[in-house]
Amino acid sequence: MSGAARAREWVNRRERGSSWVIKFCVWIALRLGRRAARFFLYPVCLYFFLSSPAASKASRGYLARVLGRAPRRGDVFRHFLTFASCVLDRVFLLNEQGGWFEIRVHGEEIVRAIEQEGRGCMLFGAHFGSFEVARAVGRRRQDRPISLLMYEENARKIRAALAAINPRLAAEVIGLGRLDSLITVADRLQRGHFIGVLADRNVDGRDLVRYPFLGQEAAFPQGPFRVAMLLQRPVVMMVGVYRGGRTYDVYFETLAEALTARPADPQAWLDGIMRRYVARLEEYCRDAPFNWFNFYDFWS
Amino acid sequence: MNMGAATQTFDEAELASLIVETLNLDVVSGQIDPEAPLYGEGLGLDSIDMLEIALVVSQRFGVKLRADDENNMQIFQSLRSLSKFIQDRRGS
């Protein structure tokens, strides 16, 4: 099975498994509040720990690379628990209950400068930590939402889930399934919107390029970076790291300034920017290892 | 040459060669069926390719393409529909 097929399988599996978990968590969470809801994460994680050997195996494979030692059972459980914590916290963030959290923002001046220019940019994230906490920062600061660009299959599911949590947010998801999906992106950027994209995972298997990541080559999609190049917008990385308890760190950093013309050698430009993205992602993994949320064999 | 395909008009031929050049496609521009779908099956273009076409069209012909326009699906349907859209806009 190809890496892309594996990724797709993981997406399907996770969506299937988590629909009742999400509904259950939303219900419990909003009624009991975050502190009480967190108690339920332990049995939920234990359930997944026991029932998803594939996810445990993937977790072990990743943790061995990032920790540089054989992971213990406790490490894998902690990995699951970090993931579940971030999923739960999305419920509060999406319902504008950001008051539960201490969110420390780093590099906000980067976004402010782009805002003042009047045009938006794409914010490059990963399935790492909480993208939602980073989006919440954007929502808190301005009326302009941070839309999310994703594969159509996922977009449909996420829209449905978002509609259940907070219907106003469903419109913020742009699916890649239409011929004019990226024309929509271009237009929103022009009007000053920001558009988040998780650039670590590729589902359709197109435009993959391999880069060394945590000691071995892994495939990353070139598409999102090509879009930033074509639209001549800055490439900004956005990562929300869960530090445990009620604390998140949100980081913005510029990977490339806006181009003023098409680069003489587009492939070289793309290669440079992707190397930087992958290298930074690796550093974030080393800094906060349990925030990595790709529970399938990422290196296959 | 595919005899089943409709013939390109002069404007369509010009647009076809612009598209082939922009996207660096591995086809002869004169052989693009003006009525075949550009996106997906047909010419096999993806949404990034469509974005490139939209950008080059607005640059070359000064025709601005809008997002969330329900007509986009129709405009970008084929070489013929896109060419017609450009000519209409330029004429007005």
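A quick note: this is a predicted structure, and the numbers were derived from the prediction, not measured. Every chain is numbered from 1 and lettered A, B, ... according to where its sequence line falls, protein lines coming before strand lines.
More than 12 non-hydrogen atoms from other residues, nucleotides or ligands lie less than 6.0 angstrom from CD of A:Gln216. Atom CZ of A:Arg210 has more than 12 heavy atoms from other residues, nucleotides or ligands within 6.0 Å. Within a 6.0 Å radius of CD in B:Gln74, no more than 12 heavy atoms belonging to other residues, nucleotides or ligands are found.
For the atom pair CG of A:Leu179 and CG of B:Asp49, the computed distance is 11.5 Å after rounding to the nearest 0.5 Å. Considering CD1 of A:Ile174 and OG of B:Ser47, their distance stands at 11.0 Å, rounded to 0.5 Å. Residue A:Asp207 holds its CG atom at 6.0 Å from CD1 of B:Ile48, rounded to the nearest 0.5 Å. Rounding to the nearest 0.5 Å gives a distance of 12.0 Å between CZ of A:Arg178 and CE of B:Met50. How far CG of B:Leu51 is from CG of A:Leu231: 5.0 Å, rounded to the nearest 0.5 Å.
Closest of all the heavy-atom pairs between A:Leu176 and B:Tyr39 is O-OH, 3.9 Å.
Inspection of non-hydrogen atoms places A:Arg262 of residues 259-270 of chain A under 4.5 Å from chain B.
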